[in-house]
Structure formats: C-alpha cells, structure tokens
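First the proteins, then the strands, lettered A, B, ... as listed; each starts at 1.
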Amino acid sequence: MLIMGEVQTGLLRNLGELGEPKCREVLGLVSGEEPRTSMRPLPYAISPEQFTGVDCRLPGVSGARIRGTGTVAQHAVIVGGRVLQASAYATVVAGAADHRLPWSHYLARPGDIEVHGRPRWADMAEGFMAAEMPMDALNLSAIGGRLMAAVQESPHLDGKTPFKSTRTHLRWVLWRGEAGAPPLLLTLGKGSLRTLRLTGEPATDVTAFCEDLALHDWLLTTIQAIIQRALIGTAAPSQIAARLAPAIDHLMHLWMPGARVPDSYQHLWKELERRPGFSRQWASSVTRIRDQIAVNTLSLLSAAVMTESGHEPDGDISPHRGASQDDP
Amino acid sequence: MTAPFAEDTAERRVEATPLSHVSIELGHLYMEDYAEGRDHLRERFRQVAPWARTVRESLSETLPGRARISTCFLIDDYFSRFGSPAEVVPMVTEAAAESGLVVDYLARESGCARFGPVDLATLVLDRIVVDPAPGANGSRPPLTETGWLCNGQRGPETAHVEAMGAQPGWRPPVQNAKRRHSIFVDVELWDAPGGERVWSCPFLAAVWQLLRLGLLRYHGKAVAVPEEPGETFPAEWDALPPLLKLNPRAAPFAAYRTVSVLSSRFLPVELAVRTILGQVAVDLEVLRQVTERARAEGVPFEDELVDRVSYVFT
Amino acid sequence: MLVFAISDKGGTGRSVTSTNIAFRRALQGDDVCYLDFDFGSPTVGAIFGVRSAERGTERGGMHSYLQEKTEDPYRVDIWTDSDRSALRSRPPGAGQLILLPGDSSGGEFPASPRAVDRCVRLFSRLREEFDLCMVDLSAGRSYAADMVLAATARAELSDVPFRWLVFHRWTRQHIIAAAGLVFERRGLLDVGAAHGHDKTALAERIRFVRTAVVEANAPERSALRSTQLAWLDECDRDLHELARRHGVGRTAMLGKVPLDPVLQWREQILVDEDVYASQIANESTIRAFDHIATKIFDARAWEGL
C-alpha cells in the first residue's frame with residue numbers, strides 16, 4: 001500500500017484578505033456539506049472532500065504498464081484568507097481482482113485506487129516522483145488544477161491578486177519504503193515542482209503535513225522571488241521598498257510551520273528545520289526586507305531634513321511604486 | 001490525551017439515524033392506477049402481500065424475535081397530481097389493509113426532489129462520482145452530457161474535429177465493467193423544458209432508495225425525519241408532510257437494506273436506479289457509522305450500496 | 001495585460017516581432033508569458049530556439065488545453081530551456097519568460113462556447129502570475145481571433161486590460177489587407193461587437209505595427225540611383241496617403257520595425273550580442289522593439305484617435 005498526492009499552492013484571487021464567512025462560501029463546493037474552519041493560530045478553512053473516478057495507467061520508472069481503478073480524493077484549503085491550496089491524493093492498494101469490477105465496488109472505498117495484478121510499490125513510488133510522467137498515467141496535477149480553478153472562479157472573489165506570484169506543485173508519496181530509507185527527502189525540482197518522499201506506515205492524515213510543508217515552501221519561494229525582483233543594491237531605496245511591500249502586507253504573518261500538523265508528523269518538521277532550515281531562511285529573508293525598509297525610511301528622513309535646510313536631496317525618493325501595471 | 005484547545009467549526013459532526021433491518025416498499029402505482037379506483041388498488045396490493053410476507057418470515061428466521069422491519073409506500077405527486085391526500089391516503093391504507101398489509105410510512109415523491117428546506121435531489125447530484133471509462137487519468141473532466149449519466153463510453157463525438165484531423169468512424173458504446181459484451185445504459189437525470197429543472201423518475205427513485213438506507217445528511221443532520229399525521233389529511237398535496245409515520249408502533253423508517261415489491265413494468269426504471277446508485281459516493285463518516293452498527297448487531301451487511309437494494313418483481 | 005498579435009497576411013513578421021517585444025518586456029522586469037495561438041501552424045518554439053517545442057509539444061499544449069484534453073498546458077521556461085545559449089541566462093532583474101506552445105501537429109479547431117470558457121479560464125489563471133501575456137494569433141480571420149474576441153468580452157475578464165497589435169508590411173497590398181482585417185465586414189470590430197464589445201472602445205485598443213520598413217535615411221538606400229530614390233519617395237508618399245485613407249495612418253500606428261536581414265533570413269530573438277558582438281543585427285531594430293514594448297503600456301499611446 002502507498003499513498004500518493006499532490007498539493008498545489010497559490011495566491012487566492014482576491015485583493016483583500018478573505019474573512020471566515022466568505023471562506024465558507026467559497027469552499028462550499030458540495031451542497032449540504034459545510035467547510036471546516038478554525039481561527040487559531042491562523043485563520044484556516046478546508047472544503048469537504050470530493051472524489052474523481054480514474055481507470056488508467058499508474059506511474060512507474062520501469063515502463064511496465066500497471067493499471068489502477070478507483071477514486072482520487074481532493075479538497076481545497078485557504079490559509080490566512082490569502083493562500084489557496086488544492087490537495088489531491090489516493091491510497092493505492094492491491095486489487096480485489098485483475099479485471100475491472102462494477103463501479104459500486106470502488107465507491108464503497110472512496111479514496112482508494114486498486115491495482116490490477118501484482119503491484120510494484122518501489123517502481124510506482126519512484127515513477128510518481130519523475131519530472132515528466134507518461135501522458136496517459138494518473139494525473140493528480142490536473143485534478144488539483146481543476147479544483148483550484150473551481151475555487152478561483154468563485155463569484156465571491158473579486159478576481160484580482162495584490163501581486164503576481166507563481167503556483168508551486170508539491171508531489172509526495174508515503175509508503176513503508178526500502179530498508180534504510182530516510183524518513184523524508186524533499187527535492188526542489190525544475191520550475192515550480194517539488195517532490196517529497198516519505199517513509200512510514202501509510203495513513204491519509206499525512207495530507208495535513210504535506211499541505212503545511214507546501215504552504216511554507218510556497219511562502220519561501222514567493223518571498224525569495226519578491227526579494228530578487230527588488231534589485232537590492234541597484235534600484236533606489238524607495239523603489240526597493242515599494243517592491244518589497246507585498247511581502248510585508250500579505251505574507252510575513254503567515255509563517256507558522258507545524259501549526260496544523262498531527263503530533264505523529266511533528267518530527268518531520270524538526271528534520272526540515274535542521275536541514276535545510278526552513279525557518280532560518282525565512283528569518284534571514286524577513287530581516288533583509290525589514291533592513292531595506294529601514295534604509296528607505298532613513299533616506300526619506302534625511303531627505304526631509306535636507307529639504308528643510310535648503311538642500312536638494314540626492315537620489316530618487318519619488319513615491320513611484322513598482323506595483324503591477326495591470327491597470328488600463 | 002485530549003487537546004488543550006478546540007474550535008466548534010473545526011469539528012465535523014454527523015448525526016446517526018435509527019435503523020431497521022429491512023425496509024419493505026409495498027408496490028408503486030402510477031396516477032392512472034389511482035384513477036382506476038378501489039378495486040384496482042386492492043388487486044395491486046393482493047399481488048404484493050405474499051411477497052412482503054415472505055421477506056418478513058425469512059428475516060424473522062435469521063433474527064428470531066428481534067427483527068425490525070418497516071414498510072413504506074411512495075405516492076407520485078411530482079409528475080402529475082390526482083385527487084387530494086384526504087381522498088387518496090385513506091384509499092391506499094384501506095386497500096392495503098384488506099390484504100393484511102400495514103403501511104408504516106407514507107412518502108410523497110416531491111419530497112425526494114425537495115424535502116422541506118433541503119434540495120435533496122441536488123444534494124445527491126453533487127455526490128455523483130462518474131464511473132470512469134478505461135483511460136480516464138484525471139486529465140480531462142469526466143465526460144458528461146449535461147443531465148445524463150451512463151455506465152460506459154458513448155459513441156464517438158463527431159463535432160469539433162481539428163482541421164485536417166481524422167473524422168472518427170462509427171464506434172459502438174461500451175460498458176465500462178462489461179463481461180465480454182456490453183449492456184450500455186444512459187440515464188436522463190433531469191431536463192429543463194421551461195427553464196425549470198425537472199428531475200427524472202429514476203433519479204427521484206434513487207434518492208428514495210438513499211433515504212430508505214439512511215445515508216443522506218444535510219450539514220451533518222439526518223434528512224427525512226418522519227412526521228406524525230394530524231387528525232385529518234389535508235386537501236392539498238403540498239400541505240402533506242413529505243414523510244408520514246402512519247403506524248405509531250412502526251420500526252424505524254430507514255434500514256440496513258431495502259426490498260421493493262414492484263410490478264415488472266418498473267424493471268427499466270430500476271435498472272436506471274441501480275446505474276445511478278452505483279455512482280453515488282456516500283459520506284465516508286455515514287458509511288462508517290452504518291457499517292459499524294451492522295457489525296455490532298451481527299447483521300449480514302453489504303459494502304456496496306447497490307447490493308443493499310433488492311427487488312421482487314411481480 | 002493581454003496583448004493580441006495578429007496580421008491579415010502571412011509573412012509579415014508578426015511572430016518574430018511579437019516574440020522580440022515579449023523578450024524586451026521581460027528584460028525590462030515584467031513577468032511575461034507568450035502563448036502560441038497560431039493553431040494551424042504552432043511553431044513559435046523555433047523563434048525562441050527551443051528545439052523540443054520547435055513544432056509544438058507532444059505533452060499537451062494550447063490545442064489540448066482549449067479542447068479540454070489537459071488541465072496543465074505544457075510550459076517552456078525560456079531562461080532555462082532554450083537551446084540558444086544567449087537566452088539561457090536570466091539577467092538580473094529580468095522577469096519570467098514562459099512560452100506556452102501549441103500541440104505538435106495541432107490544427108485549427110472551432111471556437112465553440114466550451115473553448116471560449118477554457119480561454120477565459122486560461123487568461124484568468126495566467127493573470128495571477130504574469131504582467132504581460134502576448135498571444136500570437138493565426139493570420140487573417142481565424143477561429144483563434146474569434147475565440148479571444150469572445151473571451152475578452154466576458155464579464156470575468158472585464159477588468160483585464162487588453163490591446164491588439166495588427167502587423168503589416170509597408171506595401172499597398174498589406175496596408176489594404178490590414179485595414180480590411182480591422183474595419184471591414186467580419187473584421188475585428190464587427191466580430192468583436194457581435195460578441196458584446198463596444199465598437200468604439202475596441203477600436204481604441206487596436207494599433208498597427210509596420211514591419212520590414214525601409215527608412216529614408218537607411219544605409220540600403222545609398223546604393224540606389226537618384227531616379228530610383230525619387231521613385232521610392234513617391235511610392236512612400238502614395239503609401240502614406242493610402243494608409244491614411246484606410247485608417248492605418250500615423251495616428252493609428254504604435255511603432256515600426258526596420259528591415260533587418262537577421263529577421264528576414266532567420267526568425268530569432270535579437271539579443272544585445274547580435275548587435276554589439278557579432279554585429280549581424282542592427283541596433284535600430286532592437287531600439288524599435290524596445291520602443292514598442294514600452295508603448296504597449298504607455299496610456300498616452302492608446303488615447304482615443
């Protein structure tokens with residue numbers, strides 16, 4: 001048995017932070033079913049579980065054609081009224097038969113995919129971590145992408161984002177693994193893809209850990225992109241400050257690793273804090289941003305003093321913001 | 001160890017409903033049956049009675065002294081209206097009684113579309129997980145024709161072929177879980193002739209089965225809680241509660257499994273019902289509750305929804 | 001911002017000019033996405049020097065996405081995936097430069113309501129990430145143009161600014177054709193209005209770009225005889241008059257790109273190296289691209305005519 005999943009993380013298409021009542025409406029994707037929400041330590045909302053039927057090739061590195069039939073579970077999460085995640089995952093189990101059974105059989109076990117024939121767990125786990133899978137293999141990315149779109153297109157959102165950002169995809173697999181496999185291995189792949197190999201007894205509550213990790217990886221990725229684009233050291237302090245502003249306004253308060261992770265997975269966060277040290281990098285990014293803002297404040301102050309004493313200020317202190325040019 | 005902190009909205013509560021062992025449906029009639037009068041009704045119930053008795057007896061043998069059995073009857077007031085509850089309800093219960101049948105619960109078919117404030121039909125529609133055709137890997141949304149549900153792959157689409165692309169030739173429809181040869185079923189779930197959605201008879205019948213199996217919840221609460229009748233039956237169908245408990249001593253309405261004694265003219269409808277039920281994903285928590293209770297009671301229990309639904313066709 | 005690149009006739013240099021504008025914009029710091037909507041011939045990958053997507057992709061491109069065959073259209077990151085080494089390092093401060101190629105061996109397909117829905121979804125999705133989406137459309141009256149006209153008229157995209165660039169060469173035939181594509185029956189304005197656009201507002205979002213222009217002071221002219229020069233000047237005057245009469249005159253023009261041998265012989269992205277190191281391309285060409293790239297976002301260039 002193994003569990004494979006993918007978490008997509010991106011900015012919610014809404015200019016302001018979305019309050020709890022709105023989050024409930026946006027995530028009310030199934031009639032008669034309430035999203036669950038909580039306010040501590042950070043506003044959080046999760047949609048009811050939905051399922052998608054699949055009957056297709058499962059990934060594998062050996063190129064063997066393994067077929068699986070069943071359902072993929074998916075739900076959406078909004079963190080801090082600001083960040084949207086779509087999580088799609090399935091528990092792959094040995095099948096009851098090596099042919100296709102009536103669909104009601106699979107719906108009696110929602111969230112399971114049954115393998116036709118003998119499963120090759122290691123092959124499947126590695127195949128799912130590959131950057132490019134065969135086009136006909138199970139595509140959790142598309143399932144998550146559709147869920148993401150369904151939420152983003154909600155009429156309760158205003159459709160705009162306060163700044164531009166890239167979505168990330170965290171693809172993960174959890175199974176007992178080969179002897180001696182480390183408890184976790186996170187790899188930053190090409191572009192926005194990250195892969196996470198987890199070793200342990202498969203249980204679906206691991207999704208909470210994967211979503212938490214994906215959120216913090218996205219926060220790091222996004223804040224790094226903001227810093228890189230601010231051209232620190234080249235641009236004028238006021239411009240730098242304007243370009244860094246979204247990080248302060250929308251991201252900094254969201255950093256809370258492990259806040260919603262079940263106790264049984266807390267040790268995995270400890271591993272990641274040790275190496276590569278997620279919070280270390282975050283803290284240094286935050287310090288860097290604060291320093292730049294302080295420099296800008298100082299230059300504004302000194303400019304004000306200079307003007308008062310009749311001198312022309314040096315450098316560019318125009319209030320021009322490097323904000324999006326997305327306005328007509 | 002209990003958590004030091006909890007938030008109400010973060011927890012999910014799912015109400016449990018009382019359950020009988022079996023729910024027996026005592027036949028079903030079209031409006032023209034009522035129009036044919038009392039004698040015709042008596043004849044219909046006379047055909048149902050021996051089979052209902054047989055179900056009762058066989059269950060009493062497996063669960064001596066403790067078998068909980070309830071009976072029910074569904075009146076079609078959705079597609080056409082006939083008479084008034086004040087005339088029709090007593091006519092039905094009396095005709096049944098003449099064959100020794102007691103109608104414990106009486107339901108209106110409109111209640112399967114909308115039960116009080118609850119849009120039951122949409123609730124079930126949102127829980128359909130479409131039977132995937134071989135090759136469905138999640139890349140495309142399930143191939144659905146709006147308002148239709150099938151058990152396989154339809155023939156090829158002929159529209160929207162790319163320029164200079166190959167025109168697909170004829171291909172037969174294929175059942176997904178076929179046994180060598182296909183029995184392809186395509187069910188119309190609803191149409192909207194005047195803009196307003198009209199649910200099909202098989203779809204409402206599928207909702208009816210789910211109600212009888214006690215598997216539907218609205219925001220975690222049980223739907224279709226039976227009401228006691230008043231002194232008299234009203235003159236308008238809409239004034240009649242959607243589910244009435246006519247027999248005060250009746251066992252619970254919902255049950256682990258259902259048996260419907262039906263005229264064989266309903267065979268195609270019930271094939272459609274099973275096609276729909278085979279694609280409904282019931283709330284995991286409800287499934288778990290029901291399964292655990294059946295196990296605790298030591299009652300034989302089927303995992304698959306469609307296997308909990310059985311018929312006698314007369 | 002959505003920018004649609006269109007031309008009435010083939011061979012105007014629409015793709016090579018619009019890719020270069022997109023490239024300049026990314027250099028200026030914008031996150032840029034280039035969409036290949038030339039459905040009958042999806043070959044933009046070649047201009048960016050991406051060998052794996054020279055004739056579109058096998059892994060689900062724009063055709064597949066718009067026809068609901070894939071949810072994740074294939075993306076090519078030019079800064080990392082181009083086979084041209086000059087493009088393969090992202091300069092400091094440059095924005096993203098992503099290509100969304102078409103399907104290899106993809107063909108034209110009708111602009112069905114579902115395809116329009118998908119197109120709306122795609123543009124909304126890309127807006128989360130990019131400052132500029134440059135959409136390269138098939139030449140002439142195409143399904144692609146019909147689809148984006150329908151999509152941009154939809155309420156979901158009502159607050160997304162968009163512009164049209166109509167590319168044409170500086171010849172009689174091209175001027176008449178470009179004007180026809182915009183102003184005549186079943187032209188952009190006509191079809192746009194049918195999809196719910198306000199005709200006047202739409203007209204204000206359309207500008208022309210002249211390509212392969214030989215300027216009066218161009219070095220190529222030095223080899224010509226005086227009679228030839230006089231004749232050329234007369235032709236040029238006639239063309240200006242013709243353009244003015246057809247609504248394609250100076251006021252409706254956003255920019256012009258000089259005739260550059262590199263663009264003629266090999267359609268490619270011009271990098272500074274091509275001008276200063278190998279000196280195969282003209283500096284004026286890059287200046288023209290930069291000029292258009294800036295003007296696209298300059299509100300003054302888009303005020304009512």
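The residue among A:D136, A:L140, A:T69 with the most heavy atom pairs within less than 4.5 Å of chain B is A:D136. Contacts with chain A were tallied for B:D126, B:D131, B:D119; B:D131 has the most, counting heavy-atom pairs under 4.5 Å. Comparing A:S141, A:A137, A:P102, A:G68 by how many heavy-atom pairs each has under 4.5 Å with chain B, the most go to A:A137. Between chain B and the residues A:M135, A:R67, A:M39, A:R109, the largest count of heavy-atom pairs under 4.5 Å involves A:M39. Counting heavy-atom pairs closer than 4.5 Å to chain B, the top residue among A:E49, A:R100, A:H105 is A:R100. Between chain A and the options B:A177, B:P134, B:A133, the largest number of non-hydrogen pairs under 4.5 Å is found for B:P134.
Between B:R12 and B:E285 there is no salt bridge, since no side-chain nitrogen of the basic residue lies less than 4.0 Å from a carboxylate oxygen of the acidic one. Using a cutoff of 4.0 Å between basic side-chain nitrogens and carboxylate oxygens, B:E292 and B:R288 are scored as salt-bridged. The existence of a salt bridge linking A:E33 and B:R127 is confirmed by a sub-4.0 Å separation between a basic side-chain nitrogen and an acidic carboxylate oxygen.
Only the backbone of A:L101 has a heavy atom closer than 4.5 Å to any heavy atom of chain B. Interface remark: B:V118 contributes no atoms to any contact with chain A (heavy atom separation under 4.5 Å). Proximity to chain A (any heavy atom under 4.5 Å) is restricted, for B:D283, to the side chain, taken from C-beta onward. If you measure heavy-atom distances from B:L284 to chain A, the contacts under 4.5 Å come from the side chain alone. Interface remark: A:V30 contributes backbone and side-chain atoms alike to the contact with chain B (heavy atom separation under 4.5 Å).
Ring orientation note: the planes of A:Y265 and A:F209 are close to parallel, at an angle under 30° on the 30°/60° scale. The aromatic rings of B:F203 and B:W199 lie parallel to each other, their planes meeting at an angle below 30°, with 60° marking the opposite boundary.
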Subject >> Audit row: A:E211, A:H75, side-chain hydrogen bond (donor to acceptor under 3.5 Å, both in side chains) steps and yes/no >> reply: CA-CA 11 Å; A:E211 287 154 21; A:H75 58 244; 2.7 Å; yes
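Expressed to the nearest 0.5 Å, how far CD1 of A:I3 lies from CG of A:D112 amounts to 9.0 Å. Between the CG atom in B:D191 and the OG atom in B:S200 there is a gap of 8.5 Å [rounded to 0.5 Å].
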